[in-house]
Amino acid sequence: MDNQRNLILAVVLCGILILGYEAAVTYYYPTPPETKQVDRATTPEQRVAQDTGQNPAIAAAAIDEAVDLDEALSAGNRIAIDAPRVEGSINLVGAKIDDIELKDHRATVDKDSGPVQLFAPAGTPIQNFAQFGFVGEGTQVPGADTVWQASGEALTPDTPIDLRWDNAQGQRFRIRLSIDDNYMITAEQTVANTGNAPVVVSPFATITRTSLTASKSTWISHSGPIGAFDGAVDYGPDYDDVVEQKAVSGGADPAWIGFTDIYWLGALIPEAGSAPDTGFRSLGDNLFRADLIYNPATLQPGRQITRTSRLFAGAKESGVLDAYQDAGIAQFGLAIDWGWFRWFEKPILWLLRQIFSVVGNFGVAIILLTCIVRGLMFPVAQKGFSSMASMKAIQPEMKRLQEKHKDDKVTQQQEMQKLFKERGVNPVAGCLPMLLQIPVFFALYKVLILAIEMRHQPFVFWIKDLSAPDPAHILNLFGMLPFEVPGMLALGPLALLLGFTMWLTFKLNPAAMDPVQQQVFSIMPWVMMFVMSPFAAGLLLYWNTSNILTLAQQKYLYSKHPQLREAAEKERAEKAAKAQSESKA
């Protein structure tokens with residue numbers, strides 16, 4: 001009767017876990033990008049969904065009365081951008097950088113897909129753009145409708161572009177734009193006063209974007225407003241916070257400010273030592289703006305001022321961000337939300353990139369990295385296993401002492417400590433190795449989530465994108481049947497292998513369990529199979545590899561500690577005999 005009650009309890013608990021898994025996965029794991037073909041020939045709904053995980057049906061709300069991207073970019077008054085990793089154009093109306101494509105990153109997994117459209121003009125479904133300008137007193141300054149004159153036809157690393165405008169009142173404005181070989185655009189904003197009276201002028205820079213194309217912010221990766229203030233990166237405010245407060249001020253000593261997604265970043269870097277005002281503002285209709293406003297300067301006749309800002313618009317590649325940080329942009333490498341274990345995560349990512357550069361397949365690199373990490377942790381695991389073997393060997397004596405002193409807990413503990421000392425057993429030794437492994441394996445887990453290097457990387461056969469869930473589903477015969485499998489039942493081969501390997505590891509687990517624990521752990525592998533199926537294929541590949549290595553490690557350590565194997569088998573035999581006798585009774 002007790003066993004039946006325990007089994008019912010175990011089934012109920014696992015059922016609750018299955019029913020709640022979708023909400024848990026949505027909260028704890030970033031939604032993977034859409035993998036449909038998305039380029040300038042597709043629908044606005046798909047453009048909004050591009051690389052955001054947004055459902056196109058939901059994203060359709062963003063296109064009411066929206067401007068078509070092609071129409072916006074063909075409107076004229078544009079100067080081309082052509083750099084090694086970036087292409088696009090500058091809108092001379094308002095001095096906006098509102099057309100940025102990333103040459104090295106495809107919009108979808110298809111090899112003929114167009115590049116990621118990171119910046120797009122105002123009013124388009126994926127609007128996201130930067131603007132440079134001036135505010136002032138006592139003079140006319142350029143506005144959002146001002147048409148600037150350009151000094152050339154294209155912005156390249158070898159050919160900077162000057163944007164000029166004269167207010168015909170004695171003030172001349174210039175924005176000199178230059179671009180490097182990665183994702184950084186530098187803007188030198190100059191105003192010269194050739195008039196007869198002093199004027200007050202303040203250069204500014206902004207980034208404006210819609211939140212409808214933002215990736216989901218989770219506990220493991222921040223998405224939304226971001227900045228570095230007072231020597232630390234602020235991951236605190238999200239879009240809802242800005243809506244609620246209308247405006248959020250940046251902190252003191254800003255190093256950079258902008259908006260981040262899981263893989264992409266748009267950020268403004270002010271001139272060193274300039275102490276500008278910064279902050280985030282809600283503009284309504286799901287639009288948000290990051291502001292960088294320099295302190296007003298009074299210009300006497302015949303004087304001029306220049307403020308130099310930089311705009312990063314590109315992919316969050318750890319090596320690139322770290323290089324900019326080394327060049328003087330404080331905390332720029334932390335635009336990737338590494339969390340507490342970044343000292344483990346960044347070396348792991350470096351090693352993963354090195355392996356990938358040799359083998360040329362990211363899935364194989366994940367397998368080899370898992371083998372290397374598990375190999376390094378093997379001595380720690382062996383020590384923990386040896387401690388378990390020692391504890392198992394003295395378990396009969398421990399039970400005898402517990403029965404003998406069951407009414408005197410103090411004496412019982414004293415006798416236990418005496419037994420541990422006589423046999424040279426440390427009961428904590430088995431736990432400490434596991435605690436040491438937790439940061440390492442969590443770091444590897446987070447690297448596989450955050451690393452843009454895994455995005456759109458194939459493995460073998462049907463797995464074309466390791467950053468997306470396994471696309472093969474058992475219930476529709478791997479796409480042969482014409483229906484979509486519901487999320488809870490979308491089991492692929494990697495998820496099935498995960499459940500099977502977890503079941504095998506639990507079968508070999510020598511730890512003693514009470515009936516409820518035993519029943520829960522017998523069901524848990526199959527529950528986890530459902531829970532983990534929506535995760536990225538790269539993560540499932542890592543977990544499967546880790547499980548297989550655990551099985552091999554357990555087999556090896558059992559051979560080194562035969563008393564542990566004998567004790568486990570004896571325990572199972574006793575439990576089976578007890579269950580059989582209870583069923584007969």
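The analysis underlying the following values was restricted to heavy atoms, covering all of them including side chains, and did not include hydrogens, waters or symmetry mates.
No side-chain heavy atom of P301 sits under 4.5 Å from any side-chain heavy atom of N196. The shortest side-chain heavy-atom distance between S202 and I293 falls under the 4.5 Å cut-off. Inter-residue side-chain proximity for R303 and N193 is flagged as unmet; no heavy-atom pair is nearer than 4.5 Å. Considering only heavy atoms from C-beta on, P203 stays 4.5 Å or farther from V191 through its side chain. Looking at H456 and D465, their side chains come closer than 4.5 Å, going by heavy atoms from C-beta outward. Side-chain contact between L311 and F119 is present, with heavy atoms from C-beta onward closer than 4.5 Å. You'll find the side chain of T306 stays beyond 4.5 Å of the side chain of E271, heavy atoms only. Annotation: side chain of V233 is in contact with side chain of I226 (closest heavy-atom distance under 4.5 Å).
Listed for the S211 side chain is no donor-acceptor partner under 3.5 Å among the backbone atoms of A214. In this structure, the side chain of S223 engages the main chain of T260 through a donor-acceptor pair within 3.5 Å. Checked by atom type and distance alone, the side chain of Q117 never pairs as donor or acceptor with a backbone atom of D99 at under 3.5 Å. Between the side chain of R455 and the main chain of R106, a donor-acceptor pair closer than 3.5 Å is present. Of the possible donor and acceptor atoms, one in the side chain of N361 sits under 3.5 Å from a partner among the backbone N and O of F459. No donor-acceptor distance shorter than 3.5 angstrom exists from the side chain of D322 to the backbone of G319, with no hydrogens or angles considered. Distance alone, capped at 3.5 Å, is enough to place a donor-acceptor pair between the Q325 side chain and the G333 backbone. The closest donor-acceptor contact from the side chain of N167 to the backbone of Q169 lies under 3.5 Å. Put simply, the side chain of K103 never gets that close to the backbone of D82: no donor and acceptor are under 3.5 Å apart. In this structure, the side chain of Q189 engages the main chain of F204 through a donor-acceptor pair within 3.5 Å.
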_One pair to check against salt bridge (charged side-chain N to carboxylate O under 4.0 Å, His left out): K216 and D238. What are the steps and the verdict?_
CA-CA 10 Å; K216 187 174 181 60; D238 57 25; over 6 Å; no

*Taking it one step at a time, do D261 and R209 satisfy salt bridge (charged side-chain N to carboxylate O under 4.0 Å, His left out)?*
CA-CA 12 Å; D261 292 295; R209 70 161 295 167; 2.9 Å; yes

*Under the side-chain hydrogen bond (donor to acceptor under 3.5 Å, both in side chains) criterion, do T213 and T210 qualify, and how do the steps go?*
CA-CA 6 Å; T213 59; T210 175; 5.3 Å; no

*asked:* Please determine whether side-chain contact (heavy atoms from CB on, under 4.5 Å) holds for the pair H222 and S217, giving the CA-CA distance in whole Å, both sets of side-chain angles, and the decisive distance to 0.1 Å.
replied: CA-CA 5 Å; H222 173 70; S217 187; 3.7 Å; yes

*Run the numbers on I348 and E345 for side-chain contact (heavy atoms from CB on, under 4.5 Å), then give the verdict.*
CA-CA 5 Å; I348 287 175; E345 294 162 15; 5.6 Å; no

*asked:* Run L163 and L92 through side-chain contact (heavy atoms from CB on, under 4.5 Å) and show every step you take.
replied: CA-CA 8 Å; L163 307 183; L92 295 179; 3.6 Å; yes

*Do L334 and Y235 pass the side-chain contact (heavy atoms from CB on, under 4.5 Å) test, and can you show the C-alpha distance, the side-chain angles, and the key distance before you say yes or no?*
CA-CA 10 Å; L334 297 185; Y235 304 106; 3.6 Å; yes

*Audit row: E317, Y183, side-chain hydrogen bond (donor to acceptor under 3.5 Å, both in side chains) steps and yes/no*: CA-CA 10 Å; E317 300 165 4; Y183 305 115; 2.8 Å; yes

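The CD1 atom of I100 sits 6.0 Å away from atom CD1 of I179, with the distance rounded to the nearest 0.5 Å. For the atom pair CD1 of I90 and CD1 of I81, the computed distance is 4.5 Å after rounding to the nearest 0.5 Å. In this structure, N77 CG and S89 OG are separated by 11.0 Å, a value rounded to the nearest 0.5 Å. One distance of note links CZ of F134 with CD of Q140; it measures 13.5 Å at 0.5 Å rounding. One finds the CG atom of D291 at 9.0 Å from the CZ atom of F280 (value rounded to the nearest 0.5 Å). Rounding to the nearest 0.5 angstrom, the gap separating the CD1 atom in I207 from the CD1 atom in I257 is 8.5 Å.
Residues I161 and A154 come closest through the heavy atom pair CD1-O, 3.5 Å. Taking both residues in full, the closest heavy atoms of I97 and F132 are given as CD1-CE1, 3.8 Å, listed atom of the first, atom of the second, then distance. Closest approach of S467 to Y263, counting heavy atoms only: CB-OH, 3.8 Å. Residue P198 comes nearest to Q300 through the heavy atom pair CB-OE1, 3.8 Å, listed as atom of the first residue, atom of the second, then distance. The minimum heavy-atom distance between A187 and I175, with the atom names listed, is CB-CG2, 4.3 Å. The two residues D180 and P157 come nearest to each other via the heavy atoms O-CG, 3.9 Å.
Residue-environment remark: CD (E153) stays at or below the threshold of 12 foreign heavy atoms within 6.0 Å. Remark: D285 CG is loosely packed, at most 12 non-hydrogen atoms of other residues, nucleotides or ligands lying under 6.0 Å away. Counted within 6.0 Å of CZ on R353, heavy atoms from surrounding residues, nucleotides or ligands total more than 12; the atom is thus considered enclosed.
Ring geometry, W264 versus H105: the interplanar angle exceeds 60°, so the pair is classed perpendicular (tilted spans 30 to 60°). Between F312 and Y324, the angle of the ring planes goes over 60°, which puts this pair in the perpendicular group of the 30/60° scheme. Classified by interplanar angle (parallel below 30°, tilted 30° to 60°, perpendicular above 60°), the ring pair W256/F332 is perpendicular.
Partner of P121 under the side chain to side chain contact (heavy atoms under 4.5 Å, CB included) criterion, chosen from N128, L73, I126, V93: L73.
Ring to ring, F288 and F259 are not that close: their centroids are 6.0 angstrom or more apart.
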